[in-house]
Amino acid sequence: MVRVRFAPSPTGYLHVGGARTALFNWLFARHSGGAFVLRIEDTDRERSTDEAIEQIVASLRWLGLDWDEYYRQAERHERHLEAAESLLRSGAVYERDGAWWFRVPEAGATVVHDELVGDVRFDNDQLKDFVIRRSDGTFVYNFVVVVDDVDMGITHVIRGDEHLNNTPKQMRIYQALGYPMPLFYHLPMILGADRGKLSKRHGATSVLEYRDRGILPEALVNFLVRLGWAYGDEEVFARDDLVRLFALGDLNKSAAVFEDAKLLWLNQQHMKRADLDSLVHLVEPLVIARGRVTSEMWARVESERLRVGANLLRDRAKTLHDLAATMEILFPVPVECEDGAAVSETQARLMRAVASAIESLSPYTPETIECAVRGVLEREGATLKDVALACRLAVTGRKAGPGLFEILAAIEPATVVARLRAAHARLSGAGEGGS
RNA sequence: GUCCCCAUCAUCUAGCGGCCUAGGAUACCGGGCUUUCAUCCCGGCGGCAGGGGUUCAAAUCCCCUUGGGGACGCCA
């Protein structure tokens with residue numbers, strides 16, 4: 001039975017590097033039908049905070065990484081003390097200045113068998129005796145991690161590269177306690193664009209920041225898993241695919257740079273594939289948060305209209321915020337025109353004609369709208385190019401967007417007609433002294 | 001400084017001795033489609049860090065150099 005754990009220290013938010021470590025552990029557990037344990041490593045009472053725990057939990061939940069067991073390391077103090085006392089009795093540990101020190105022999109070497117990196121040899125003379133229990137009575141990471149991993153039956157320790165140098169110390173503890181060792185996998189780091197340690201100056205590093213930027217969790221998961229793992233030439237993976245295909249043997253051992261461009265592309269890909277109702281549901285609070293559409297207005301628009309609109313608009317959005325911005329036009333709010341081409345008097349007249357032609361259309365569909373508009377154009381001797389931009393601008397406020405007939409059909413006819421007439425009045429009214 | 005790890009296009013990667021005059025993806029640049037933008041499709045640009053070996057044959061194995069990263073806490 002596979003048992004793995006993710007063991008963050010609650011000293012800050014969950015960053016994308018930690019999230020990827022958690023993801024690999026979770027994928028391996030789910031792929032193998034094993035257990036995924038979340039263990040909060042809060043033995044440093046100075047730096048651990050409850051807020052950090054809440055942030056980490058919220059991040060994992062948002063990513064969809066569910067755990068089967070949950071532990072707080074600080075709550076296992078009695079058990080740690082018991083293990084440490086046995087080492088004190090056996091002489092592997094001695095007390096000095098109130099702290100408990102683990103004795104490391106100077107001769108020989110300790111070889112770490114890492115399943116990813118291979119055998120790594122550390123000469124023991126580099127290892128010095130180290131503290132396992134502070135003088136305040138609390139225990140130190142290198143000791144408790146071993147006791148907990150053994151007690152929790154962890155079979156595979158999959159963790160960040162920075163722990164490779166700690167592993168020989170931990171191995172000595174496994175040996176002193178007479179415990180069997182798990183398999184070790186030390187993952188390469190995620191770097192910033194300058195190949196340095198990923199930090200704030202590279203942009204967002206917190207998982208929750210990506211949520212707030214309108215990234216879908218499945219897109220972040222897809223992006224992170226591809227930092228160090230590949231399945232042939234495949235790029236876009238649904239969560240189920242990952243669980244099915246993931247294998248530790250396919251992990252890469254070189255560090256990867258985190259770059260936003262591909263994440264945004266993946267986000268678009270996942271938005272294109274997303275269930276429409278879910279997408280509409282996700283974008284609702286974002287639209288309302290923009291301040292122009294109220295929740296009452298949202299509730300009044302038929303859900304089918306929202307689905308159709310979201311479907312048309314999602315091909316043009318990299319993030320949920322992009323989608324929210326364009327979804328606004330589906331509601332009866334004043335249109336704010338971006339700077340556009342000048343609209344001629346002819347175009348203004350045509351818009352009025354279009355408004356009348358579609359005013360009482362039934363059914364009101366892209367096909368019937370196209371038919372009506374083309375009828376107007378034919379009578380007026382104009383082409384679609386003559387009115388498309390003007391109508392689009394009048395109705396959506398933008399120069400670019402979905403096909404004209406599709407987007408007109410997605411908006412309530414009364415709103416469309418009102419916007420066309422308002423634009424006509426604004427344009428021709430100026431010449432007639434205003435009205 | 002000491003120790004450890006890593007090294008294929010700008011970036012993510014495929015490659016696990018012959019299938020490689022190195023494949024895919026993002027980004028970028030062209031073209032197609034279209035009422036516009038996007039999606040989509042087609043094309044282009046672009047890489048095995050350098051040097052030694054081993055081998056009939058090396059991106060793939062070994063060594064050195066260089067470069068990058070990490071660890072050296074009574075942090076995790």
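Lettering follows sequence order; numbering is per chain, from 1.
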Asks: In whole Å, measure the gap between the C1' atoms of B:C28 and B:A10 for me.
Replies: 10 Å
Asks: For RNA chain B, whose closest nucleotide is more 5', that of A:W229 or that of A:R374?
Replies: A:W229
Asks: Less than 4.0 Å between a side-chain N and a carboxylate O, is that true for A:D123 and A:R121?
Replies: yes
Asks: If I take atom CD from residue A:Q73 and atom OH from residue A:Y141, how far apart are they, to the nearest 0.5 angstrom?
Replies: 9.0 Å
Asks: Okay, side chain of A:D129, backbone of A:V104: is any donor-acceptor separation there less than 3.5 Å?
Replies: yes
Asks: The side chain of A:E235 lies closest to which of these nucleotides: B:G24, B:A76, B:C40?
Replies: B:G24
Asks: Looking at B:U39, B:A76, B:U13, which one has an atom nearest to any side-chain atom of A:Q268?
Replies: B:U39
Asks: Of all the choices, B:U13, B:C74, B:A38, which nucleotide is nearest to the side chain of A:R316 once you look at every atom?
Replies: B:A38
Asks: Taking only Lys NZ, Arg NE, NH1 and NH2, and the carboxylate oxygens of Asp or Glu, determine whether A:E218 and A:R273 approach each other closer than 4.0 Å.
Replies: no
Asks: Quick test: give all pairs of protein nitrogen or oxygen and nucleotides 63-70 of chain B nitrogen or oxygen below 3.5 Å, distance rounded to 0.1 Å.
Replies:
{"from": "B:G70", "atom 1": "N2", "to": "A:N165", "atom 2": "ND2", "distance (Å)": "3.3"}

Asks: Over 60° means perpendicular and under 30° means parallel, so tell me whether A:F24 and A:F246 are parallel, tilted or perpendicular.
Replies: parallel
Asks: Taking only heavy atoms on the protein side, list every residue of residues 116-132 of chain A lying under 4.0 Å from any atom of RNA chain B, sorted numerically.
Replies: A:V117, A:V120, A:R121, A:F122, A:Q126, A:K128, A:V131
